[in-house]
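Okay, so here's the structure we're looking at.
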Amino acid sequence: MKKATLALIGAMFSLSAVAAPPTDGGFDPSAAPPPPHKQDAGVKGADDARIGSNVRMLTSKPQRENAWVSLEGNIIKKTGDNTYQFRDKTGSIDLMIPHDKWRGHKVKPNTLVNINGHLKNEHGHMFIAVDAVHAD
(Lines give C-alpha, C1' and ligand atoms only; values in the text may rest on other atoms or scores of the structure.)
Protein backbone atom coordinates (compact mmCIF):
# COMPACT_ATOMS: atom_id res chain seq x y z
CA MET A 1 0.00 0.00 0.00
CA LYS A 2 2.80 2.42 0.89
CA LYS A 3 4.55 1.70 -2.40
CA ALA A 4 1.36 2.40 -4.36
CA THR A 5 0.81 5.69 -2.50
CA LEU A 6 4.40 6.77 -3.09
CA ALA A 7 4.14 5.87 -6.78
CA LEU A 8 0.92 7.86 -7.09
CA ILE A 9 2.46 10.92 -5.42
CA GLY A 10 5.56 10.63 -7.64
CA ALA A 11 3.38 10.41 -10.75
CA MET A 12 1.42 13.51 -9.72
CA PHE A 13 4.61 15.54 -9.30
CA SER A 14 6.04 14.39 -12.63
CA LEU A 15 2.77 15.23 -14.45
CA SER A 16 2.68 18.73 -13.00
CA ALA A 17 6.22 19.34 -14.25
CA VAL A 18 5.26 18.15 -17.76
CA ALA A 19 1.97 20.07 -17.84
CA ALA A 20 3.50 23.49 -17.11
CA PRO A 21 7.07 23.74 -18.42
CA PRO A 22 8.89 26.88 -17.35
CA THR A 23 9.45 29.52 -20.00
CA ASP A 24 12.91 30.99 -20.15
CA GLY A 25 12.06 34.14 -22.06
CA GLY A 26 14.65 36.26 -23.78
CA PHE A 27 15.34 38.00 -27.05
CA ASP A 28 14.29 36.54 -30.41
CA PRO A 29 15.84 38.46 -33.35
CA SER A 30 13.48 36.95 -35.95
CA ALA A 31 11.41 40.11 -36.56
CA ALA A 32 12.44 43.48 -37.96
CA PRO A 33 12.23 46.48 -35.61
CA PRO A 34 9.96 49.35 -36.58
CA PRO A 35 11.69 52.39 -38.09
CA PRO A 36 12.42 55.11 -35.50
CA HIS A 37 9.89 57.57 -36.95
CA LYS A 38 7.11 54.95 -36.64
CA GLN A 39 7.60 54.38 -32.92
CA ASP A 40 4.71 55.86 -31.00
CA ALA A 41 6.21 55.54 -27.54
CA GLY A 42 9.27 57.17 -26.05
CA VAL A 43 11.22 56.92 -22.84
CA LYS A 44 9.66 57.82 -19.54
CA GLY A 45 11.53 58.76 -16.40
CA ALA A 46 10.08 57.30 -13.22
CA ASP A 47 11.50 58.54 -9.95
CA ASP A 48 14.09 60.77 -11.59
CA ALA A 49 11.87 62.44 -14.19
CA ARG A 50 14.20 65.43 -14.12
CA ILE A 51 16.91 63.46 -15.96
CA GLY A 52 14.98 63.45 -19.21
CA SER A 53 12.08 61.87 -20.98
CA ASN A 54 13.76 60.11 -23.91
CA VAL A 55 17.04 58.50 -24.97
CA ARG A 56 18.34 61.70 -26.57
CA MET A 57 17.87 63.61 -23.31
CA LEU A 58 19.50 60.80 -21.29
CA THR A 59 22.58 60.64 -23.49
CA SER A 60 23.04 64.32 -24.37
CA LYS A 61 24.09 65.57 -20.93
CA PRO A 62 25.86 64.11 -17.89
CA GLN A 63 23.54 62.07 -15.68
CA ARG A 64 23.66 60.90 -12.09
CA GLU A 65 25.04 57.37 -11.67
CA ASN A 66 22.33 54.87 -10.70
CA ALA A 67 19.47 57.19 -11.69
CA TRP A 68 16.28 55.13 -12.07
CA VAL A 69 14.76 55.15 -15.56
CA SER A 70 11.83 53.49 -17.27
CA LEU A 71 12.36 53.11 -21.02
CA GLU A 72 9.62 52.34 -23.49
CA GLY A 73 10.53 51.30 -27.01
CA ASN A 74 12.12 48.32 -28.77
CA ILE A 75 15.10 46.07 -28.15
CA ILE A 76 16.44 45.91 -31.68
CA LYS A 77 19.41 43.55 -31.40
CA LYS A 78 21.59 41.44 -29.16
CA THR A 79 25.15 42.77 -28.97
CA GLY A 80 26.75 40.36 -26.49
CA ASP A 81 26.02 37.67 -23.91
CA ASN A 82 23.71 39.83 -21.76
CA THR A 83 23.89 43.08 -23.74
CA TYR A 84 21.33 44.51 -26.14
CA GLN A 85 20.61 47.69 -28.07
CA PHE A 86 17.43 49.58 -27.19
CA ARG A 87 15.83 52.22 -29.42
CA ASP A 88 13.02 54.73 -29.08
CA LYS A 89 12.05 57.43 -31.58
CA THR A 90 14.85 59.75 -30.37
CA GLY A 91 17.85 57.45 -30.30
CA SER A 92 19.40 54.30 -28.94
CA ILE A 93 21.20 53.15 -25.80
CA ASP A 94 22.77 49.90 -24.67
CA LEU A 95 21.12 47.62 -22.12
CA MET A 96 22.58 44.98 -19.83
CA ILE A 97 19.85 42.41 -19.13
CA PRO A 98 20.74 39.41 -16.96
CA HIS A 99 18.88 36.24 -17.97
CA ASP A 100 16.66 36.22 -14.85
CA LYS A 101 15.28 39.72 -15.61
CA TRP A 102 13.36 38.55 -18.71
CA ARG A 103 10.72 36.99 -16.41
CA GLY A 104 9.60 34.59 -19.15
CA HIS A 105 8.92 37.30 -21.76
CA LYS A 106 9.85 36.43 -25.35
CA VAL A 107 10.80 39.70 -27.04
CA LYS A 108 11.31 40.35 -30.76
CA PRO A 109 12.64 43.58 -32.30
CA ASN A 110 9.07 44.65 -33.18
CA THR A 111 7.77 44.06 -29.62
CA LEU A 112 7.08 47.23 -27.63
CA VAL A 113 8.71 46.79 -24.23
CA ASN A 114 9.06 48.73 -21.02
CA ILE A 115 12.48 48.47 -19.37
CA ASN A 116 13.07 49.46 -15.75
CA GLY A 117 16.63 49.90 -14.57
CA HIS A 118 19.49 52.06 -13.42
CA LEU A 119 21.69 54.33 -15.49
CA LYS A 120 25.35 53.25 -15.48
CA ASN A 121 28.50 54.85 -16.85
CA GLU A 122 31.61 52.69 -17.04
CA HIS A 123 34.74 53.98 -18.75
CA GLY A 124 32.74 56.62 -20.61
CA HIS A 125 30.15 54.13 -21.87
CA MET A 126 26.57 54.86 -20.77
CA PHE A 127 24.09 51.98 -20.51
CA ILE A 128 21.07 50.82 -18.55
CA ALA A 129 21.42 47.95 -16.05
CA VAL A 130 17.96 46.44 -16.40
CA ASP A 131 16.01 45.28 -13.34
CA ALA A 132 12.81 44.22 -15.17
CA VAL A 133 11.51 43.68 -18.71
CA HIS A 134 7.77 44.15 -19.34
CA ALA A 135 6.17 43.19 -22.65
CA ASP A 136 2.60 42.70 -23.80
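Quick caveat, the model's predicted, so the values are computed rather than measured.
- A135 approaches V107 most closely through the heavy-atom pair CB-CG2, 4.3 Å.
- Cluster partners of I76 are absent, since no Ile, Leu, Val, Met, Phe, Trp or Tyr has side-chain heavy atoms less than 4.5 Å from it.
- To the nearest 0.5 Å, atom CD1 of residue I97 and atom CD1 of residue I115 are 4.5 Å apart.
- Note that CG of N82 is 9.0 Å distant from NE2 of H99, once rounded to the nearest 0.5 Å.
- In terms of modelled atom types and a separation under 3.5 Å, the side chain of N74 and the main chain of T111 share a donor-acceptor contact.
- L71 has its side chain within reach of F86: a pair of non-hydrogen atoms, C-beta onward, lies under 4.5 Å apart.
- D88 places a side-chain N or O within donor-acceptor distance of the main-chain N or O of G91, the cut-off being under 3.5 Å.
- At distances below 3.5 Å, at least one donor-acceptor pair connects side-chain atoms of T90 with backbone N or O atoms of R56.
- Residues N66 and K120 have side chains in contact (heavy-atom distance under 4.5 Å, counting atoms from C-beta outward).
- In this structure, D100 CG and D131 CG are separated by 10.0 Å, a value rounded to the nearest 0.5 Å.
- Looking only at side-chain heavy atoms (C-beta outward), N114 and E72 come within less than 4.5 Å of each other.
- Side-chain contact between N116 and V130 is absent, with no heavy atoms from C-beta onward closer than 4.5 Å.
- Residue M126 is not grouped with residue M96 when hydrophobic side chains (ILVMFWY) are merged at heavy-atom distances under 4.5 angstrom, including chains of intermediate members.
- Atom CD1 in I128 sits 4.0 Å away from atom CD1 in I93 (nearest 0.5 Å).
- In this structure H118 satisfies the ring pair (Phe, Tyr, Trp, His ring centres under 6.0 Å) test together with W68, sequence neighbours excluded.
- Looking only at side-chain heavy atoms (C-beta outward), E65 and N121 come within less than 4.5 Å of each other.
- Atom-to-atom distance recorded for N110:CG and I75:CD1 is 12.0 Å, nearest 0.5 angstrom.
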(request) Report the C-alpha separation of Q85 and S92 in whole Å, then their side-chain angles, then the decisive distance to 0.1 Å, and conclude whether the side-chain hydrogen bond (donor to acceptor under 3.5 Å, both in side chains) test is met. (result) CA-CA 7 Å; Q85 187 176 24; S92 63; 3.2 Å; yes
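- Connection of V55 to Y84 is established within a shared hydrophobic cluster, with ILVMFWY side chains joined at heavy-atom distances below 4.5 Å, either directly or through further cluster members.
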